[in-house]
Amino acid sequence: MRLSHNMIFKNNLNSILNSQQEVNNSMKQVNTQKRVLTASDDPSAMARSLLYSDKIQTNEQYTKNLTMLKSRLDTQEGVLENIKESLERSIELTVNAGNGALTAPDKASLSEELEAIQTAVLELMNAKTEDGRYLFSGYQDNTRTYDFDSNNNRYAYRGDQGQHKIKVAEGVEIKSSDNGYDVFESVEQRLNVVNNTATPTGGIVSADVYVTQQGPFDLFHKSNFNPDPTAPAGSNDFQLELNGTTAPPSYRLMQGATVFESGTYTENNIKVAGMEFSFTGTAGAADTITFELEKPEKDNVLNTLENLINAVQDPTLSDKDYRQVLADSMIGLENAKNRVSQVQSGLGGRKNTATRITDANIDLDINNKIARADLIELDMAEAITELTKHETQLQASQATYGRLSNLSLLDYIR
């Protein structure tokens, strides 16, 4: 076979170009620290590495979500802590308001501080997130959470019962906020009778009934109140039946034919089941004082404070009615504070969960990066060895090409 100069040049040139390509590929691998540069280098490894890359990117988004979640929870926890401190001070002032030695200036000063607390609590309940949305309005987070309704003279909740959630891991969502309905509107109020003025019969001219011992009354109320909305009228009416003809006169607390408690009395004042009955007139053999149990109520603390402030500012209020408002306020404020503490406890649990998920996501991210590195990243020692080998091949090809290109028939004859 005859070797022409063109064939010699072509073969040597191809050898040099191939060596240069291998050197370039090795240089790219060293510079990028990746073994697989294109899908054709290792299709299986590239496909699997893309899956790991997707997982890593998703995990990065979860990390951002967790940062946002912790920020929201920290904001809410700070707001609730300030509300709780305000309620604790309100409870102290309510206790002070029961001091019979308070003068009008003392009550005015106490009322002024209560109004300041109410204003502060209102602003806290209308707190916003870092992006300007109302924290406790549920899904209606562009709507102010609480406003004063001048038609009813009450503070009304304007949000809904929605709860925002943030996805922090595959299949895991954590609530990023609590709505005002659950936190502030679900506060149980003091159990009571519907009206302090009772309905007398017979020789009893007038009568009133006040709850003076909350514990016994709560037991009586919870045992005997009928919550069925379809129950007939009078289902929660009870009677204190008096017999003034006996010596000493006697009473029976009853509903229909059912007698709950009985005893005797010496004055027109009877204490039974946590209630205190007072009446005027002379009871016959079976005269009654009828009263009705009030259904359990829930209300927000702003209205509780409003009722307390109005009572402190009202000099015409009787001592009995004033004491009733103080009792209502004390229980409402205590329950509101306890409800805030419960929500704070839930926040703490969510924060702990977020911390554990953060740690788990970090571990998962590390594992995914290690798995991806094993598939496509480079062993630097091996890569440098390969680069050196390809550079040596290139140098040899270039040297061989130089020597062969100088050969001619005259060189052979010589």
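Predicted model only: the values in this text are computed from it and were never measured. Excluded from the calculations below are hydrogen atoms, water molecules and symmetry mates; all remaining heavy atoms, backbone and side chain alike, are included.
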CG of Leu114 to CG of Leu93, rounded to nearest 0.5 Å, is 5.0 Å
Does one side chain, of Glu112 or Gln313, offer a donor that lies under 3.5 Å from an acceptor on the other? no
Ignoring hydrogens, what is the shortest heavy-atom contact between Val312 and Ser111? Give both atom names and the distance. CG1-CB, 4.0 Å
Measuring from Leu347:CG to Lys175:NZ, what's the distance to the nearest 0.5 Å? 9.0 Å
Is Lys167 salt-bridged to Glu173, going by a charged N under 4.0 Å from an acidic O? no
N-O pairing of Asp218 and Lys222 below 4.0 Å: no
Is the shortest side-chain heavy-atom distance between Val211 and His221 below 4.5 Å? no
With a 4.5 Å cut-off on side-chain heavy atoms, are Ile357 and Ile174 touching? yes
Can you tell if the side chain of Leu191 reaches within under 4.5 Å of the side chain of Leu293, non-hydrogen atoms only? no
Using the rule side chain to side chain donor-acceptor pair (under 3.5 Å), only one of Thr58, Asn65, Thr63, Asn59 pairs with Gln61; which is it? Asn65
Can you confirm whether Gln163 is buried at CD, in the sense that more than 12 heavy atoms of other residues, nucleotides or ligands lie under 6.0 Å from that atom? yes
Neighbour count >12 (heavy atoms, 6.0 Å) for atom CD, Glu130: yes
Working to the nearest 0.5 Å, report the span between OG of Ser206 and CD1 of Ile289. 9.0 Å
Have Arg190 and Gln214 got a donor and an acceptor in their side chains that come within less than 3.5 Å? yes
Looking at every non-hydrogen atom in both residues, tell me the closest pair between Asp106 and Ala101 and how far apart they are. OD2-O, 4.4 Å
Testing the 3.5 Å rule here: is there a donor-acceptor pair between the side chains of Asn269 and Ser278? yes
Asn96 side chain to Asn99 side chain, donor-acceptor N/O pair below 3.5 angstrom: no
Side chains of Phe225 and Pro296: closer than 4.5 Å at any heavy-atom pair? yes
Closer than 4.0 angstrom, basic N to acidic O: yes or no for Lys128 and Asp141? no
Is the closest basic N to carboxylate O distance between Lys351 and Asp74 below 4.0 Å? yes
How many angstroms lie between NE2 in His164 and OG1 in Thr129, if you round to the nearest 0.5 Å? 8.5 Å
Is it true that Arg144 and Glu123 make a salt bridge, defined as a side-chain N closer than 4.0 Å to a carboxylate O? yes
Paired with Phe184, the ring-ring contact (aromatic ring centres under 6.0 Å, His included) test is passed by just one of Tyr155, Tyr157, Phe136, namely Phe136
Please determine whether a side-chain nitrogen of the Lys or Arg among Asp131 and Arg72 lies less than 4.0 Å from a carboxylate oxygen of the Asp or Glu. yes
Would you say that Lys298 contacts Val187 through its side chain, given a criterion of any heavy-atom pair below 4.5 Å between the two side chains? no
If you define the side chain from C-beta out and look only at heavy atoms, does anything of Met254 sit under 4.5 Å from Phe238? no
Hey, mind stepping through Phe291 and Phe277 against ring-ring contact (aromatic ring centres under 6.0 Å, His included) and telling me if it holds? CA-CA 10 Å; Phe291 66 96; Phe277 294 84; 5.4 Å; yes
With a 4.5 Å heavy-atom cut-off, do Tyr134 and Thr145 have their side chains touching? yes
Ignoring hydrogens and angles, state whether a donor on the side chain of Gln344 or Glu81 is under 3.5 Å from an acceptor on the partner side chain. yes
Can Arg89 and Glu113 be counted as an ion pair, charged N to O under 4.0 angstrom? yes
Step through the shown structure and confirm whether more than 12 heavy atoms of other residues, nucleotides or ligands are within 6.0 Å of NZ on Lys320. yes
Atom NZ of residue position Lys165 - does it have more than 12 heavy atoms of other residues, nucleotides or ligands inside 6.0 Å? no
Quick one: do the Gln57 and Tyr62 side chains pair a donor with an acceptor below 3.5 Å? no
Would you say Gln189 and Ile331 make side-chain contact, with heavy atoms under 4.5 Å? no
Are Lys107 and Tyr322 in a cation-pi setup, meaning NZ or CZ lies under 6.0 angstrom from the ring centre and within 45 degrees of the ring axis? yes
With a 4.0 Å cut-off, would you call Asp147 and Arg154 a salt bridge? no
To the nearest 0.5 Å, what is the distance between OG (Ser137) and CG (Asp160)? 8.0 Å
Which residue pairs pass the side-chain hydrogen bond (donor to acceptor under 3.5 Å, both in side chains) test when at least one of the two sits in residues 191-203, sequence neighbours left out? Thr201-Thr288
